[in-house]
There are 2 protein chains.
Amino acid sequence: MNDDMMLNEKAVAGGRSGWKQDPAGVQNNILAVAMTEFAANGLSGARIDEIAAKTHTSKRMIYYYFGDKERLYGRVLEEAYRQVRTGEEALELDHLPPVEALKRLAEFTFDHHSRHPDFIRLVMIENIHHGVYLEQSELIGLLNVGAIQKLEAICQRGRADGLFREDVSPLELHWHISASSFFNVSNRATFSRIFGSTLYTVDGQRSLRDHLVEMVVGLALKPERAKGRARGAARP
Amino acid sequence: MNDDMMLNEKAVAGGRSGWKQDPAGVQNNILAVAMTEFAANGLSGARIDEIAAKTHTSKRMIYYYFGDKERLYGRVLEEAYRQVRTGEEALELDHLPPVEALKRLAEFTFDHHSRHPDFIRLVMIENIHHGVYLEQSELIGLLNVGAIQKLEAICQRGRADGLFREDVSPLELHWHISASSFFNVSNRATFSRIFGSTLYTVDGQRSLRDHLVEMVVGLALKPERAKGRARGAARP
DNA sequence: GACGCAATTAACTAACTGGTACAAAGTGTG
DNA sequence: CACACTTTGTACCAGTTAGTTAATTGCGTC
């Protein structure tokens with residue numbers, strides 16, 4: 001599997017006269033368009049003809065390169081995961097003290113999800129399908145192995161410093177951070193239609209994010225270390 | 001609008017010989033089947049013929065009672081919201097002190113969402129559609145007015161007692177509770193396929209729920225009142 | 001400069017799917 | 001018991017959609 005397509009911009013290959021051989025570019029172009037369409041309409045809702053029309057190439061090429069609709073969707077899903085995970089790798093936290101690192105990670109996740117609504121939508125769609133296409137991809141499995149490694153490292157340092165609780169796993173912390181960050185994007189439509197959009201203003205979003213960080217840090221820290229936080233009785 | 005259908009079990013009306021007139025029953029039967037199908041396959045993924053086949057009546061009747069696919073979906077959505085909201089009304093919290101009430105509410109929401117995966121899936125699907133069908137229903141608007149009233153009452157009492165922070169709104173508390181409770185069901189497929197299912201065992205779920213409650217209570221309480229919890233400096 | 005092969009296009013098809021026409025059968029009421 | 005109305009089953013249609021057939025065009029290379 002050496003298909004290193006990065007969705008670059010040279011995916012033209014559609015100039016009627018004088019086209020260049022650029023299979024990778026064409027495939028990337030198809031993937032990019034398909035990602036938008038699948039994210040917007042779902043697997044069964046997306047139309048191959050519509051995808052083809054928005055591509056610089058033709059429907060025949062979609063089948064030429066990707067076989068059928070489902071495999072195209074699978075490739076789109078992989079590409080989406082790769083893009084998002086790649087964007088996460090930039091984050092460097094090892095130089096920060098554990099609590100700061102955890103804060104940064106939570107903030108980053110919240111913002112990162114917010115910046116990638118199409119990815120969120122694809123994951124929503126994939127969950128509607130019970131994750132069967134995700135399971136078929138071994139690439140995604142590999143990508144996600146590293147997803148909580150940052151958090152595990154932070155927790156390890158935090159525990160070593162005697163700051164973090166032992167009974168809250170990195171996985172669970174990741175779950176809580178993901179839940180809020182994901183829900184913030186996935187349920188924006190229904191939530192704001194029902195309860196108004198105050199939480200989706202700039203101030204509302206900052207508040208949600210700050211409080212998420214606060215809660216996660218509060219959960220990770222030992223009661224006696226949590227700046228006075230104690231769960232049993234107030235005993236400083 | 002006096003369509004009080006409760007999805008009862010007397011929706012048979014299919015006995016070849018000697019049928020009874022039971023329009024409400026037939027409609028409920030259609031709605032129940034359609035809810036399952038839409039929740040399973042989405043709006044465009046669900047098949048009218050498939051719904052009809054699983055009904056005790058025929059496709060003709062679906063169109064007779066509901067007009068077309070989209071209106072059927074809209075009615076299903078309304079029915080789902082009604083069922084869930086009705087189930088919430090049973091919860092009685094006024095007799096509990098604010099902190100206890102908040103705990104109970106969070107726990108209940110977590111469990112309640114967990115018990116209604118089809119509702120969650122319908123909301124997911126509705127979010128894929130940007131909530132346009134939800135917007136068309138004035139019934140759902142009415143139903144949801146009361147959704148955070150319980151929480152508002154709790155917060156009012158909590159503030160009156162000098163326990164709750166002023167800068168955390170009931171709406172935001174509701175958002176945090178909903179986020180985790182919703183995500184827990186909506187993303188179970190992808191999350192467990194990527195990270196394993198430890199968090200979806202009985203113990204894992206209890207842990208998630210307990211920590212959610214802990215975080216929400218911690219967020220709601222004033223720093224100095226939060227059993228020693230302080231954000232600025234540890235000053236009990 | 002021509003030949004093999006990758007890349008491309010457009011028209012076509014077979015199946016599916018939402019929706020309908022129409023007639024038959026049952027219900028209840030006077 | 002007959003008449004008006006409701007309810008249901010069968011067969012059908014027209015538009016859509018995933019997927020294909022087969023011929024064409026351009027590229028690189030010897």
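Quick note: numbers below take in every heavy atom, side chains included, and nothing from hydrogens, waters or symmetry partners. Within every chain, numbering begins at 1; the chains are lettered A, B, ... in the order of the sequence lines, protein sequences first and strands thereafter.
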task = Classify the nucleic acid contact of B/A46 as base, sugar-phosphate or nothing, counting any heavy atom under 4.0 Å across all strands shown.
result = sugar-phosphate
inquiry  = Does C/dT9 have its OP1 or OP2 closer than 4.0 Å to a side-chain nitrogen or oxygen of A/S58?
reply    = yes
query = How many Å lie between CZ on A/R47 and C1' on D/dG19, as a whole number?
reply = 14 Å
ask   = How close or far is atom C1' of D/dA18 from atom CG of A/L43, stated in whole angstroms?
value = 12 Å
key: is_close_aromatic(A/Y81, A/F119), centroid dist under 6.0 Å   = yes
remark   = Among the nucleotides D/dA18, C/dT9, C/dA7, whichever has the atom closest to the side chain of A/Y65 is C/dA7
ask   = Roughly how many Å is it from CD1 in A/I62 to C1' in D/dT17, rounded to a whole number?
value = 13 Å
query = Does the separation of the ring centres of B/F183 and A/W175 fall below 6.0 angstrom?
reply = yes
task = Measure the distance from CD on B/E50 to C1' on C/dC16 and round it to the nearest whole Å.
result = 13 Å
Heavy-atom pair with the smallest gap, counting every atom of B/I120 and B/H113 = CD1-CD2, 3.3 Å
request  = Quickly work out the B/H56 NE2 to D/dT7 P distance and round it to whole Å.
outcome  = 18 Å
ask   = Rounded to whole angstroms, how far apart are CD1 on A/I48 and P on C/dC12?
value = 21 Å
ask   = D/dG19 base to A/K69 side chain: any donor-acceptor pair below 3.5 Å?
value = no
task = Identify whether any heavy atom of B/R60 sits under 4.0 Å from a base atom; if not, whether one sits that close to sugar-phosphate; answer base, sugar-phosphate or nothing.
result = base
task = Taking only Lys NZ, Arg NE, NH1 and NH2, and the carboxylate oxygens of Asp or Glu, determine whether B/K54 and B/E50 approach each other closer than 4.0 Å.
result = yes
Integer-rounded Å distance: D/dG19 P and A/I51 CD1 = 11 Å
inquiry  = Distance check needed: D/dT17 P versus A/L72 CG, whole Å only.
reply    = 16 Å
inquiry  = Is there a side chain to side chain donor-acceptor pair (under 3.5 Å) between A/T190 and B/E126? Walk through the geometry before answering.
reply    = CA-CA 7 Å; A/T190 55; B/E126 183 58 11; over 6 Å; no
message = Of the options D/dT20, C/dG18, D/dT8, whose atoms approach the side-chain atoms of A/K59 most closely?
response = D/dT20
inquiry  = Taking the minimum atom-to-atom distance to the side chain of B/Y64, which one of D/dT8, C/dT9, D/dT17 wins?
reply    = D/dT8
query = Of all the nucleotides listed (D/dT8, C/dT8, C/dG18), which has the minimum atom distance to the side chain of B/M61?
reply = D/dT8
